[in-house]
Structures are given as C-alpha cells and as structure tokens.
Amino acid sequence: MSISVDIRKKLGDFSLEISFESDSRRIGILGPSGCGKSMTLKSIAGIEKPDSGSIRIDDRVLFSQEQKINLKPQKRRVGYMFQNYALFPTMTVEQNIGAGLGLSDDDRSARVADMVRRFNLQGLEKHLPGQLSGGQQQRVALARIMAYRPDIILLDEPFSALDEHLKERLQHEMMSMLEDYEGQVILVSHSRDEIYRFSDELLIMQDGHMLARGKTTQLFDDPKTVSVARMTGCKNFSDAKWIDDHHIKLSDWGITLELEREIPKEINAVGYRAHAFEPVWGERQKNCLPFRLSGVDELPFERRYYLHPEKGELICWFIQDNERAQLDGKPDPDYLKLREKSIMLLQE
Amino acid sequence: MMEFLEGLDWSPLIISLKTGVVATIVCFFLGLFAARKVIKLSFKAKAVVDGILTLPMVFPPTVAGFILLLIFSRRRPIGIFLDQQLDIQVVHTWLGCILAASVIAFPLMYRNARAAFEQIDANLVYAGRTLGMSEMNIFWRIVVPTAGPGIASGTILTFARAMGEYGATSMLAGNIPGKTGTISQRIAMVIQDGDFATAGFWVVVVLLISFGIIFLVNLVTGSRMKNIKRW
C-alpha cells in the first residue's frame, strides 16, 4: 500500500503546495492550525479539489489534473474521520455504521453487528449520537469507517474535540483499534504528543508547505532546522558560530560548547529541550550554562525555571515531579549542564 | 343553530382543504429542490435567484394573479396551447386554485427549507460522500431528516398560506361555488350580501384552523428548544 500526493491549491492569500510519497502504515502530519494539513486530507478524500497535480493510492489515480481525472469521493475508498465525527444525528448507532454499506440487508446487519462487537458498542445500537459520550461517538465514527473497508483512513484532529481527561485513554484506544487495520492511516494534528505516539513517518507543515519529512523518532531527535525543532516542541534556541570541528560558540547564551562529534560548518543554531538540562552545583564543568534565575512557575506535576541568557529569549528548564522532590531543600544549582547527545545542531 | 349548520354549504371547507393539501405537496418538492439548488450557487447568483423565487411572497397576490392570468388566459399563446393541445384549462378551474395557491405559498416552503439546509454541518454531507452514499441518498437520508424541524414548520406554514389564499385565486380561478369557491372567497362574497352570520361562522373556522397550525409549528420547532433556559 502506498500513497502519493503532489498537489497545489490557491485559496485567497493562502497557497498549498505539498508533495510526498509514502508506504508507511502510519503517517502523521504535524503543523499549526491553518498550515494546510486539513486541506491536504480533504484533497485526498475528494472534498476539496486541488488546482493541479495528482493523487494516487498504489496505481489507482484519484486525481490527476493532466489526465483530467477527479474521482468523486464516493469512488475513492478513502475513509475520513472528521474533527467533530460528523455522525448522522437522526440515525441510530447501527444505522450510522451501516449507512455507507450497499449490501443486502443480511450482509449489512452482519457487518454492523461485527463492528458493534469490535468497537465495544453493545447495548448502544439503538442510541442516537446525541445520547453518546465523546469517546463513544469516536468509536462509532471509526466503526462506521471501518465497516466501509476503505483503502486508507484519514484522521483529522480526532482528539481535539475531547476533554483533556479523556484524550489520553482514547488515543491509546484508537491505536489499538487501528491495529488490525491493514491499510495506511494518516493522522493530522497540531499536538506533537499525539503525532509522536501514533506515527512511523512524520510530515511537518507550515504555511502550506512541507518543512520536513522523515521517520518520526529521527525528526524528533535530529530536527535539522530551527523551525522543525520548534514544531517538535523544543523550547530553547541560541544562535551559534562554528569555531572548529569540535567547538561552537553560542552567541545568545554566551558559552562555547565542546563536542565529541564533528560539527558541520553550516551549523548556525543550537537547540536544547527544556527537560534535558542537568543541574550542577559547585565547580563549572564542560558545556555549562550559568544559572541566572528569572523566575519559577510551579505546576501540579512540573516545575518550570526561567533563566536569563546573555541575550535573547529566556531559557526554560522544566523538571518533573520526581526530580522536584530531589531538588527540594537544596540551594539553586550554580550551572545547568548540556548533555552532548541532547544538543541539537541546527540551521536557521 | 342546527338549522344553520344543516343549511350550510360545506363546499368551501372541502375546496380550501383540498387546495391546501395539493398545493403543499407541490410546494414541498419544488421548495426542497429549489432550496437545494440555490445553496450551491455563488453569492451573486444566489442573490438574483433567491430574489426571483421569493418575489411571490413580497408583491401583492393580486399582482401575482394578474400575471398568472396573462400567462394562462385562453386568449394567449400558452393558454391556447394548454387548452387545445393538452386539454388543460387553468382559468376558472380548480387547477387554477392550486396554481395560484402554490405560487403564493411556494416562497414559504423554499425559504424555510433553505434556512434549514444552511444550518446543516457540511461535514455530514462530506461524511456521506466518503462513505460512498449517492447524492440522492445523502439528501433524503441525511439532509432532509437533519433539517426536519425547519422543513416541517415550512410545510405547515405553506399549507396555511395555501389554504387561505385569496387575491391570486380570485383573479385566476374566480369564485365559482362548489368548484373554486374557497373559504376566503366565500367570506368576501357573503359579506357583500350582508350575511354576517355565515361570514362569522367561516371566520371562526379559519381562526381555529390558523391557531391549530401555529400551535403545531410551535410544537414541532419547539421540541428542540426544550432544554433552553427561560429568561
């Protein structure tokens, strides 16, 4: 199974231009709202029509401007899960699941019953969507899509309509429900946790363009550019000046790093995650930042320190609950140490 | 009292109800169809087409009746064609009643249906499409039921308007007792004769039917407002 997308679309001031080809089972598209990720999904499903380009699943052409092909959504076999689930409000759970099945009555009820069992909806068959909880609605929406047996499933911000306390479990649930689905799944989200958890391959989008693409873990470990690092949740950045193969000067933070690995000449920025610092008391060690405290925020399960750099934005140091306990009673550290493997060498 | 009722000609009630029912059926389908087409139009085209479709509601019914008379008169091309080729007569017939009532009541159906359609979450339609449902199926199984309360109240109002139609009907269909004489026309006629008892009786009938209709509309549209706080 492989999808190939190469499309352009202009909409007022906004222009979308995206091109990728992938045979990964789980693809994530990460980007801020309005970056064009939903529009990309809608184009694949045939809800939006691109101005030009082509969309293929294996060798099936869904859209091709050159060949003048634009399959109706009905013919694409693309499952689409909407942000609000778009369950048909006047149909029962059963009717919703069976809505798209053009089968004989017997076959349809058999398939619906199978879905009801798999998605744990027993007892809710006759309920209307309005009578269901957010989690149940999501299961019905997914059951309805799976009953239709699409070649690919598109999930458009499936968790954004849910309460915070439901999200965690439902994300996990959704992944296990998708486990036995053999086709590709594309998840669109602005939440990096969701994306990281879900996807093997990751596309990062901004302003209608693709910023980066790669294996999810690789992109998070080595984002290569400042904007990609920012999207993966990195909080701290400093401009950097290459000195030699193993030394780089961080002009914003006023320190020089010494690294074991070779530093490419074109590196001009460094990123460091807020959770990765190591507190140091007493003597200054290699790759240490002076601890010039600006303020501390206490969160229920986290403490956030903000430090003054030499210039530029405050440096964030976040510690989890268990570390907080270890720090309590001690004076503030004198330095924060940057671990070599956590230092991200970037380009602006 | 009994004598009065026994001597009464009930035909206006029957004619009005029949006209109302048939005109409502005609308007229901045409209104839904027109509403469905109009919401897909571009902003400018919508303004023009919507204006034309709403016109019968805005200008005086006698004007509508006059225009209909011009079109269907047996002395004019369309009227001649219908009469001679298809043996259809509109002027001074029950068909004229239906036509006049339908034209006047149509905007009520169309506008209510359109407003109800515009409230529908487009994602419902998209979801239907990605699930392979045909456009027909989507319209009748998703859109119409979801727009149910709006369409129902439109239908009831259409019936009310069609049943009470006077101006256009009197121009096009005339007031032929037992044939085209509706309640409204009967009231006007008997008042000219100074028969206030009969007029009063029909007025009460109309009041009861009208109140019943408004009550029904409130029942239908109000059920979804049940949980809204009163202030």
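The sequence lines fix the lettering, A, B, ..., with proteins before strands; numbering per chain opens at 1.
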Heavy-atom side-chain proximity of L124(B) to P89(A) below 4.5 angstrom: yes
To the nearest 0.5 angstrom, please state how far the CG atom of L131(B) sits from the CG atom of N96(A). 9.0 Å
Determine which residues belonging to residues 123-145 of chain A lie within contact range of chain B, meaning some heavy atom pair is under 4.5 Å apart, and list them by number or answer 'none'. R144(A), I145(A)
Out of curiosity, M133(B) CE to F88(A) CZ, how far, rounded to the nearest 0.5 Å? 5.5 Å
Inspect the surroundings of CZ in F33(B) and state if more than 12 heavy atoms from other residues, nucleotides or ligands are less than 6.0 Å away. no
At a heavy-atom distance under 4.5 Å, which candidate from V125(B), D121(B), N137(B), T130(B) has the highest pair count against chain A? T130(B)
Chain B contact residues among residues 34-59 of chain A, heavy-atom distance under 4.5 Å: A45(A), I47(A)
So which bits of residues 60-86 of chain A come within less than 4.5 Å of chain B, counting non-hydrogen atoms only? P73(A), Q74(A), V78(A), Y80(A), F82(A), N84(A), A86(A)
Just wondering, do M91(A) and R141(B) contact through their side chains at under 4.5 Å, heavy atoms? yes
Any ring pair (Phe, Tyr, Trp, His ring centres under 6.0 Å) involving residues 114-133 of chain B? Give me the pairs, sequence neighbours left out, ordered by first then second residue. F117(B)-F139(B)
Part of L154(A) lying under 4.5 Å from any heavy atom of chain B: neither
More than 12 foreign heavy atoms under 6.0 Å from CZ of F59(B): is that the case here? yes
